[in-house]
Amino acid sequence: MLKVYNFTLMRKTLLYHTHVKLNAKMVPYAGFLMPLQYQGVQIEHLTVRNHLGVFDVSHMGEFIVEGQQARQFLQFVCSNDINKLYKGRAQYNFMPNGQSGVVDDMIVYQLEDSKYLLVVNAANIEKDWNWLDKHKRRFEVKLTDRSVQTSLLAIQGPKALKAMQNLTSVDLSSMKFYHHKSAMFAGINDVLIATTGYTGSGGIEIYFEAKYSTTIWKNILDAGKAYEIQPIGLAARDTLRIEMGFCLYGQELSETISPISSGLGWVAKPETKCIDHQFLTHQKANPPRKKLVGFILKNRGIPRQGNIVIDSEGNSIGHITSGTFSPVLKKGIALGFVDRGIEIGQLVNMKIRNKIIEAEVVKPPFIKR
């Protein structure tokens with residue numbers, strides 16, 4: 001059945017009218033009307049890989065966690081070791097749900113000694129808030145939702161740091177990966193500049209008061225003009241992250257998928273006694289039956305979520321969670337779960353539109369960073 005959306009009920013970022021003027025195709029996403037594409041997915045994808053692009057990702061959620069026991073609280077609800085953080089450092093995390101799945105994945109930024117910023121997925125803002133609020137009662141912490149007041153722009157690509165340098169006094173090239181600084185950017189004070197991203201092409205993400213969205217967006221495009229900057233939509237953001245093998249919540253991660261099965265053992269530190277620490281300890285020692293791998297099609301075709309993976313005898317051995325055409329490799333690629341006995345380099349088959357197409361099992365990322 002065709003889904004019917006009531007666009008009047010959709011939320012919009014403060015750059016909505018800017019995207020419309022740029023002829024972006026606007027689509028419903030996580031309760032927002034967001035730009036899917038401007039010029040086309042492949043053009044935008046290659047712009048980020050070769051030059052730089054700017055994404056409006058202000059639909060993401062931002063929570064502030066602060067207080068005397070902020071670190072202990074986050075150590076309990078987060079999978080990674082929060083003690084490794086310090087002021088100016090960021091860390092990738094997931095929140096175990098206590099039932100061997102994941103509430104959400106997120107980035108944690110340490111702002112001050114006892115103050116942190118959590119950036120969560122747009123579709124999970126309410127769920128994440130309720131989960132954190134439920135567990136904070138054991139700790140002396142204050143939780144604040146800054147999602148509405150905060151805008152987030154991602155300037156990604158190999159030319160991003162050089163192109164944006166004139167907008168800030170911070171030496172962008174000297175900032176280490178997954179670090180951040182608060183500084184003036186594009187004439188606006190207290191912008192959080194972070195060397196994080198979801199594309200694998202380098203660059204920065206900036207967080208700032210939402211009321212400055214139009215001004216900062218314009219200044220970014222002006223500063224990047226000489227470097228061939230373009231606005232980039234969510235469709236290319238997805239193809240970029242698939243090429244890098246990055247998980248997407250709802251596809252490679254969920255309330256029912258083991259994070260160890262998803263390959264996130266590297267951010268699971270059960271020794272910190274986080275929620276589900278016993279389960280995480282067990283699964284790291286005894287890996288689950290399914291594992292997340294990559295696939296490169298040997299012939300023409302575009303794999304999609306839900307496609308079945310079969311062996312040479314026609315037995316089902318897995319399924320696809322994310323699939324696309326790689327503009328860099330010029331081939332169909334996919335992420336998906338298969339039986340743990342399937343090895344890297346092995347040839348398997350996929351059922352795509354009633355056709356059987358051969359694919360090679362590979363270890364993501366599909367391209368070098």
Side-chain angles (χ1 to χ4, degrees), residues 36-37 39-50 101-102 105 198-201 232-254 256-266 283 286-369:
L36 181 69
Q37 61 183 40
Q39 301 180 71
V41 180
Q42 290 195 48
I43 293 173
E44 293 170 28
H45 182 111
L46 293 173
T47 294
V48 174
R49 286 282 181 247
N50 298 321
V102 175
D105 65 331
Y198 197 43
T199 66
S201 281
I232 311 296
L234 294 184
R237 189 169 185 255
D238 195 47
T239 58
L240 288 159
R241 71 92 189 167
I242 293 174
E243 277 190 345
M244 298 312 301
F246 295 155
C247 293
L248 175 64
Y249 192 88
Q251 292 178 219
E252 288 77 40
L253 293 169
S254 76
T256 58
I257 297 174
S258 160
I260 305 303
S261 185
S262 299
L264 294 186
W266 64 282
Q283 284 226 325
N286 305 277
R289 189 172 65 86
K290 294 287 186 181
K291 63 179 179 180
L292 185 68
V293 298
F295 304 89
I296 299 179
L297 269 59
K298 306 296 284 187
N299 299 300
R300 291 183 62 182
I302 301 178
R304 297 298 185 194
Q305 182 182 18
N307 290 155
I308 302 301
V309 182
I310 56 178
D311 62 17
S312 58
E313 297 178 355
N315 300 309
S316 175
I317 55 173
H319 68 281
I320 301 305
T321 52
S322 297
T324 190
F325 175 81
S326 166
V328 173
L329 299 179
K330 306 295 184 186
K331 295 179 180 180
I333 62 173
L335 298 171
F337 290 98
V338 294
D339 295 338
R340 185 155 292 276
I342 303 301
E343 298 180 352
I344 300 300
Q346 186 171 337
L347 295 179
V348 297
N349 296 311
M350 285 183 200
K351 290 183 178 180
I352 302 175
R353 293 186 175 181
N354 298 319
K355 292 183 179 180
I356 302 299
I357 299 180
E358 192 175 50
E360 180 183 358
V361 178
V362 301
K363 182 179 180 180
F366 296 93
I367 64 172
K368 292 182 179 180
R369 286 180 184 269

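Predicted, not measured: the structure shown is a model, and the values here were computed from it.
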Do the side chains of [Y] and [X] get nearer than 4.5 Å, heavy atoms only?
{"X": "Pro365", "Y": "Phe246", "answer": "no"}
{"X": "Val41", "Y": "Thr239", "answer": "yes"}
{"X": "Ile242", "Y": "Asp238", "answer": "yes"}

Any donor-acceptor pair under 3.5 Å linking the side chain of [X] with the backbone of [Y]?
{"X": "Arg49", "Y": "Leu240", "answer": "yes"}
{"X": "Gln251", "Y": "Thr321", "answer": "yes"}
{"X": "Lys290", "Y": "Ile317", "answer": "yes"}
{"X": "Asn50", "Y": "Leu46", "answer": "yes"}
{"X": "Glu44", "Y": "Gln39", "answer": "yes"}
{"X": "Ser262", "Y": "Leu264", "answer": "no"}
{"X": "Lys291", "Y": "Ile342", "answer": "yes"}
{"X": "Asn307", "Y": "Arg304", "answer": "yes"}
{"X": "Asp339", "Y": "Gly341", "answer": "no"}

Step by step, would you call Phe337 with Ser261 a side-chain contact (heavy atoms from CB on, under 4.5 Å)? CA-CA 8 Å; Phe337 290 98; Ser261 185; 3.5 Å; yes

What's the shortest heavy-atom distance between [X] and [Y], and which atoms?
{"X": "Lys351", "Y": "Ile356", "result": "CG-CD1, 3.5 Å"}
{"X": "Ala359", "Y": "Met350", "result": "CB-CE, 3.9 Å"}
{"X": "Ile308", "Y": "Ser316", "result": "CG2-OG, 3.7 Å"}
{"X": "Ser312", "Y": "Asn349", "result": "CA-ND2, 4.2 Å"}
{"X": "Cys247", "Y": "Leu292", "result": "SG-CD2, 4.0 Å"}
{"X": "Leu335", "Y": "Phe295", "result": "C-CE1, 4.2 Å"}

Interatomic distance, [X] atom [atom1] to [Y] atom [atom2] [nearest 0.5 angstrom]:
{"X": "Ser326", "Y": "Ile302", "atom1": "OG", "atom2": "CD1", "value": "11.0 Å"}
{"X": "Ile257", "Y": "Ile260", "atom1": "CD1", "atom2": "CD1", "value": "13.0 Å"}
{"X": "Leu297", "Y": "Lys331", "atom1": "CG", "atom2": "NZ", "value": "9.5 Å"}
{"X": "Tyr249", "Y": "Asp105", "atom1": "OH", "atom2": "CG", "value": "8.5 Å"}
{"X": "Ile232", "Y": "Gln37", "atom1": "CD1", "atom2": "CD", "value": "11.0 Å"}

Using a strict cut-off of less than 4.0 Å between a Lys/Arg side-chain nitrogen and an Asp/Glu carboxylate oxygen, indicate whether Arg241 and Glu252 qualify as a salt bridge.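 The answer is yes: the pair qualifies as a salt bridge.
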
Set out, in order, the CA-CA distance, both residues' side-chain angles and the distance that settles side-chain contact (heavy atoms from CB on, under 4.5 Å) for Val309 and Ile320, then state yes or no. CA-CA 7 Å; Val309 182; Ile320 301 305; 3.7 Å; yes

Is it true that, when you exclude Lys330 itself, more than 12 heavy atoms of the residues, nucleotides or ligands shown sit nearer than 6.0 Å to its NZ?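 Yes, because the 6.0 Å sphere around NZ of Lys330 holds more than 12 heavy atoms from other groups.
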
Is it true that atom CZ of Arg340 has more than 12 heavy atoms of other residues, nucleotides or ligands lying nearer than 6.0 Å?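 Result for CZ/Arg340: enclosed.
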
